[in-house]
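In what follows, a single structure is set out as structure tokens and then discussed.
All chains are named by letter (A, B, ...) in the order of the sequence lines, taking the proteins before the strands, and each is independently numbered beginning at 1. Quick note: numbers below take in every heavy atom, side chains included, and nothing from hydrogens, waters or symmetry partners.
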Protein chains: 2
Amino acid sequence: MNGSTQYRTKQREELLAYLRSRQGHHVTVNEISEFFQGNGTPIGVTTIYRHLERMVEDGSVNKYILDKNSGACFEYVDKQHSCVQPVCFHCKCEVCGKLIHLKCDELEHIQGHLMKQHGFALDPARTVFYGMCEACRRNAVARDVQ
Amino acid sequence: MNGSTQYRTKQREELLAYLRSRQGHHVTVNEISEFFQGNGTPIGVTTIYRHLERMVEDGSVNKYILDKNSGACFEYVDKQHSCVQPVCFHCKCEVCGKLIHLKCDELEHIQGHLMKQHGFALDPARTVFYGMCEACRRNAVARDVQ
DNA sequence: TTGCGTGCAAAGGTTTTGCATGGCA
DNA sequence: TGCCATGCAAAACCTTTGCACGCAA
């Protein structure tokens with residue numbers, strides 16, 4: 001796919017190790033940059049962006065665009081263990097930032113629906129449902145009541 | 001809610017008229033700005049941003065953040081003609097970049113499902129289904145065959 | 001007259017690009 | 001040795017903010 005070879009560099013190894021260590025969480029470019037500022041070799045943001053871009057392309061990292069005025073979030077995806085084979089969907093709470101992983105027939109069903117009715121091949125590994133989780137919704141309701 | 005009064009200005013009227021005329025479509029701030037560049041009185045982008053922000057707050061306009069490197073999309077919502085806010089879902093083709101917006105019962109149904117079964121309040125304005133559109137899928141298949 | 005609305009200019013932030021240098025294979 | 005990778009600086013973008021002036025009520 002990617003015509004050119006990928007070199008094995010120190011920056012790439014360390015970045016990958018860091019992303020793996022934060023699996024299940026989201027990190028921003030800023031956070032990554034700051035981490036390496038304090039731990040070992042600093043990595044230039046340009047390099048971070050370029051690696052992340054590749055990883056998003058090959059599916060080893062998911063990119064979430066939560067807000068226009070804050071950096072995009074990235075999350076490492078373990079293709080071995082996780083939700084790529086049995087379809088798994090992600091719900092991200094926009095209030096508390098919690099990420100919920102769901103496996104659910106109903107959700108899988110919409111994949112078929114999108115394909116059959118709309119000719120669209122959904123990619124669940126990259127699709128995120130944004131909204132508000134139960135806990136945050138309760139808080140919101142409680143606030144509205146007063 | 002909004003303590004201060006809202007004046008009825010020419011810019012606001014014209015902006016509103018334009019948004020209404022493009023109901024069911026997405027427009028970016030850039031598109032709006034360019035439209036008024038050529039039709040009647042130009043409106044400064046600052047003003048456009050400020051009005052849109054208000055309209056998003058009061059629910060008369062939906063804001064979609066689809067991509068980091070292009071402007072946010074806005075869509076006028078007619079609150080008069082339906083008690084339920086019209087829900088629009090988005091499919092973005094990762095290959096050609098095409099954006100498809102769908103209004104579909106089946107998709108609205110999953111909103112209810114997520115709420116009932118998973119306690120999650122889906123925000124369709126922020127949620128984008130990523131995948132591959134019909135045309136690109138055909139091309140991909142054609143390429144794989146050779 | 002009061003105070004919101006407008007829009008220019010400038011700032012703010014994230015992300016990309018140009019380019020010379022460094023490092024993997 | 002031939003590319004790819006790196007990272008600084010600068011550019012490109014979208015969006016917000018400061019401020020003086022304009023205009024609705």
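- Partners of His113(A) according to the ring-ring contact (aromatic ring centres under 6.0 Å, His included) rule, which considers only residues two or more places apart in sequence or in another chain, are His118(A).
- Summarising the geometry, the separation between NZ on Lys63(B) and P on dC14(D) is reported as 13 Å, rounded to the nearest angstrom.
- Of the residues in residues 44-52 of chain B, those placing a heavy atom less than 4.0 Å from an atom of DNA chain D are Thr46(B), Tyr49(B), Arg50(B), in numerical order.
- For the pairing with Leu19(A), the side chain to side chain contact (heavy atoms under 4.5 Å, CB included) check across Glu75(A), His51(A), Met55(A) returns one residue only, Met55(A).
- For Phe120(A), the ring-ring contact (aromatic ring centres under 6.0 Å, His included) criterion is met by no residue, not counting sequence neighbours.
- For Asp123(A), the salt bridge (Lys or Arg N to Asp or Glu O under 4.0 Å) partners are Arg126(A), not counting sequence neighbours.
- Between the P atom of dT6(D) and the CD atom of Glu14(A) lies a distance of 11 Å, rounded to the nearest Å.
- The local environment of CG in Asn39(A) is crowded, with over 12 non-hydrogen atoms from other residues, nucleotides or ligands closer than 6.0 Å.
- Taking Glu53(A) as the reference, Glu57(A) meet the side chain to side chain contact (heavy atoms under 4.5 Å, CB included) condition, with sequence neighbours excluded.
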What's the verdict on ring-ring contact (aromatic ring centres under 6.0 Å, His included) for Phe129(B) and Phe129(A), showing C-alpha distance, side-chain angles and the deciding distance?
CA-CA 8 Å; Phe129(B) 296 89; Phe129(A) 296 90; 5.7 Å; yes
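- Every side-chain hydrogen bond (donor to acceptor under 3.5 Å, both in side chains) that His90(B) has, sequence neighbours left out, goes to His26(B).
- Comparing Thr9(B) and Ala72(B), the nucleotide of DNA chain D nearest to each residue sits closer to the 5' end for Ala72(B).
- Contacts with DNA chain C (heavy atom under 4.0 Å) in residues 28-39 of chain A: none are found.
- With rounding to the nearest 0.5 angstrom, the OG atom of Ser33(B) is 9.0 Å from the CD1 atom of Ile43(B).
- By the side chain to side chain contact (heavy atoms under 4.5 Å, CB included) test, Ser70(B) is found to be paired with Asp67(B), residues two or more places apart in sequence or in another chain being considered.
- Take Glu34(B) and apply the side chain to side chain contact (heavy atoms under 4.5 Å, CB included) test, not counting sequence neighbours, and it matches Asn30(B).
- For Ile43(A), the listed nucleotide lying nearest its side chain is dG7(D); candidates were dC4(D), dA25(D), dG7(D).
- End-to-end axis angle for the helix from dT1(C)-dA25(D) to dA25(C)-dT1(D), using five pairs per end and rounding to 10°, comes out at 30°.
- Nucleotides of DNA chain C with any atom under 4.0 Å from a heavy atom of chain B span, from 5' to 3', dG3(C) to dT16(C).
- Rounding to the nearest 0.5 Å gives a distance of 7.5 Å between SG of Cys104(B) and CD of Gln117(A).
- Straight-line distance from the CZ atom of Phe74(B) to the P atom of dT15(D): 6 Å, rounded to whole Å.
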In residues 8-18 of chain B, what donor-acceptor pairs under 3.5 Å come from side-chain atoms, sequence neighbours left out?
from     : atom 1 : to       : atom 2 : distance (Å)
Arg8(B)  : NH2    : Glu13(B) : OE1    : 3.4
Thr9(B)  : OG1    : Arg12(B) : N      : 3.2
Lys10(B) : NZ     : Thr41(B) : OG1    : 3.0
Tyr18(B) : OH     : Arg22(B) : NH1    : 3.2

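- The distance from atom CZ of Arg12(A) to atom P of dG7(D) is 15 Å, rounded to the nearest whole Å.
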